[in-house]
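Letters A, B, ... are given to chains in the order of the sequence lines, protein chains preceding strands, and every chain is numbered from 1.
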Amino acid sequence: MLIGRKERLFLALFLFLDILFAALLITLHSDTIKIDRMKNDVKLVGLPDTALVTEARFVRHRSLTDVYSIFDFSPEAREVFPFSFVYDINNNTKGQHR
Amino acid sequence: MKIGKEFNIFLFSIKLLLKRKSSYYIFLILMVLVFFIASASFITASIKKELILTHEELPDIVIQRVIGGRQQYIPMDYIDKIVSIPGIKSILPRVWGYYYFDYSGVNFSIVGIDPLEPFYKKSLEENIKHIKTDDLIKRDDWMILGNGVRRLFSEIGYVDYAYFKKPNGEYIKLRRFDYLTQESAIFTNDIILISQNTARKLLGMDDDYVSDIVVNVYNKNEVVTIAAKIRDILKDARTVTKKDVLNSYQNVFNYKLGFFITLFGVLIFTMMVIVIDKLGGLSETEKLEIGVLKATGWTTSDVLRLKFYESSFLVLQAFIIGVLLAVIYVYILKAPIMMNIFSGYASLKTEYQLIFAVDFKTLFLIFIAIVPFYIAAIIIPTYRIATLDTYEVFK
Amino acid sequence: MNFIAPEQVVIYFIDFLFLFYGLYALKTAYQMIIHFDFHSSSALQYSLEKKNILVSNIITFFIVLNIPAFFFFLYFIDSLAPTVPGAMCAVGVLNSTPYGGYLVILKVINLFLLGYWFLINRFDLKTYGFIYTRMKYWFLIFIIVMLFFEIILEVNLFDSISPTKIVSCCGSVFGGEPKFFNNLFLDLKDSWSVLIFLLVFIAMLISYIFKKLKFYGVLSIIFLVVAIYSLIDFFSTYIYELPTHRCPFCILQKEYHYIGYLLYFLLLTGSFMGSSVFVLNKIIDYPTGLKWSKISIYLSTFYLLVVFFYVISYYFRTGRWLSG
């Protein structure tokens, strides 16, 4: 036989992982309860956009604000997701209590 | 018979793979690469799906008053002016705004609701089990917290009561009444629901003013027309329709796509490094293996096929295991560290619930970005060795 | 370069692979044409015969990569539709630039050419003395030039997709306005196409039964053109269940269960196998030709059944035909 014990074990492991992968995809796919609860809460609150970034209103509810809102807060560049990683956060947040 | 032969070559290729130490490293690198890109795209796909699915529940038209490029509070009598427009199902004045909480340096979104209003009463009863809306009507000093706010308050000791500062410096004491579910934390993490009267006090509004007006219409096809009519009557109003909100969501994704193009750039350069490394030639052990095979009578095309099976097995399994780990990481472990990239620095940290959104497209994209390149990198170096004569290899 | 989406990076990188290996194959082809001589026993001839194997492997890899890349391209163009104003499916995106229509046609032609080359190569390696080698490499040079053209067109296409220009959607393109696709497919007003489609299919069937393979090959090329023509004109309206919606690309979308991918796969594979019987009739041997035309006729019949299934099921559900 060309194939040894070690290889057989190895192949079986990978086959198992592949099946696990397929099974996981299928089981997770039929998961709809969460979205209903989300929909209910969004309906109650009635406000759009995610609460992931809450620093200022032009990022929190950016669909409901207009472009000029950025100037409402201060003339400097404020914290917005990808750009902010260039700055040192600790220095930047000092004295920012508007 | 022929399939049997091919299968034997395949089995033999796995045997060779297991013997070589370098194949484990390549497997690991490819897997980690797939894992990072897959989990990043799963997270965005989930957020996108959540946004698009929940946007249906938003009101049809939001009326704002904009003067001098700034949003202002709307007088209540604006409602009377638009009430006669045909096609409008309901008009609801809303009171909401932001509250800056000095102690922790975070912003809350305060939403004033009126439990007497049938809309709010109905959706409150749907959302929160065992709620007694009568209790809410009787008193004014209640609050319903979003999940992130609830965590923050319990950390700083605001267990049953919380104090909020009014614009004139006085404090009001609010009693915690209930929570919103954790499932919707991604939308309601920073929300505090309080009564409309209290919200007016906190936001410093007069009684005959509201933040914005929400309009629902009967026929969804007429939304744009009705919005135009409203703008016609209320000269200083700005309308935001559901469609505008969706467009704004789309912009966010296009903006964040820049991030993904960068990520893919990293992926592709890593693949390039692997390819160049492979083009430099195979390792000594691989050379020796091929030499032995040739000496025992394998043809060049057999050796090429062996190498093809070897590399495709390696890269396919690396892809599958990488995606599997990403699925487990994102949807079962809730993306512990990576989720922080997507949230802001001062946000209320919490566990966000991500709904399952693995689509064929994302998987195919990652697949086609990785698998062909690794296989392509194999062709020329293997050919070079495979066509060498046996004695040259052993020399 | 204008980057619209991450998928585009992947497409460019695949193009880069084609370019790299294409140049390598071009160099080999040049050497082959100049120096290949079966009766010589020099070291050069020895290395050239080995390179023959390498090039055939590269082309096999091209084909294996090109088929998913083609469908990926269609999918990508289709997914761009929301970002181009006015476009509802791939047609709008393709039509927003002058290159779109040509690019898709060129892609199909290239797939066919690569397939023919693969077949020639297989039969060439079987012959004594590799008699087709020189012709094979002239053909390869042609294919690679075509592939380069395709890449140039593709880069141009992506560069000229603009999110601000308003385009017309598939309904108006195939409905009547004189536009590129309409010029190409003549006038689509009449439903004669279905009749021609059926006639060609019956002719194919007859020529297959009487084993006129060369004739069958010619017919299967005509079948491809007529089938796409009738798909746009007649069958697509039944798939969409809308008498005015004529479009060959919307069937790729989710609302129609991605049926388009199946249809195009059946149609392209079937007509490729059939046409190769004609194109390679000097090279291909009779039993292989018979086998291939058999597979081809099965695939074409399956295609026919699928499209007619939509028509008939529509009739049974509503009790009348679509007319528009």
Heaviest contributor of heavy-atom pairs below 4.5 Å to chain A, chosen from B:I113, B:I332, B:I321, is B:I321
Checked B:V111, B:L193, B:V214, B:L53 vs chain A; the most non-hydrogen pairs under 4.5 Å come from B:L53
What part of A:F10 gets within 4.5 angstrom of chain B, counting heavy atoms only: side chain, backbone, both, or neither?
side chain
Heavy-atom pairs under 4.5 Å with chain A - which of B:G97, B:P59, B:S184 has more of them than the others?
B:S184
Going by distance alone, is a donor N or O of one side chain under 3.5 Å from an acceptor N or O of the other, for B:S46 and B:Y331?
yes
Report yes if the side chains of B:L363 and B:F42 come closer than 4.5 Å at any heavy-atom pair, otherwise no.
yes
Could I get the full list of side chain to side chain contact (heavy atoms under 4.5 Å, CB included) partners for B:D212, not counting sequence neighbours?
B:V62, B:Q64, B:R94, B:W96
Applying ring pair (Phe, Tyr, Trp, His ring centres under 6.0 Å) to B:F313 and B:F10, what does each step give before you reach the verdict?
CA-CA 9 Å; B:F313 180 79; B:F10 169 68; 5.8 Å; yes
Heavy-atom pairs under 4.5 Å with chain B, option from A:V42, A:L44, A:L20 with the top count:
A:L44
Top of B:L17, B:V240, B:L18 for chain A proximity - count of heavy-atom pairs under 4.5 angstrom:
B:L18
B:V245 vs B:L58 side-chain heavy atoms within contact, under 4.5 Å
yes
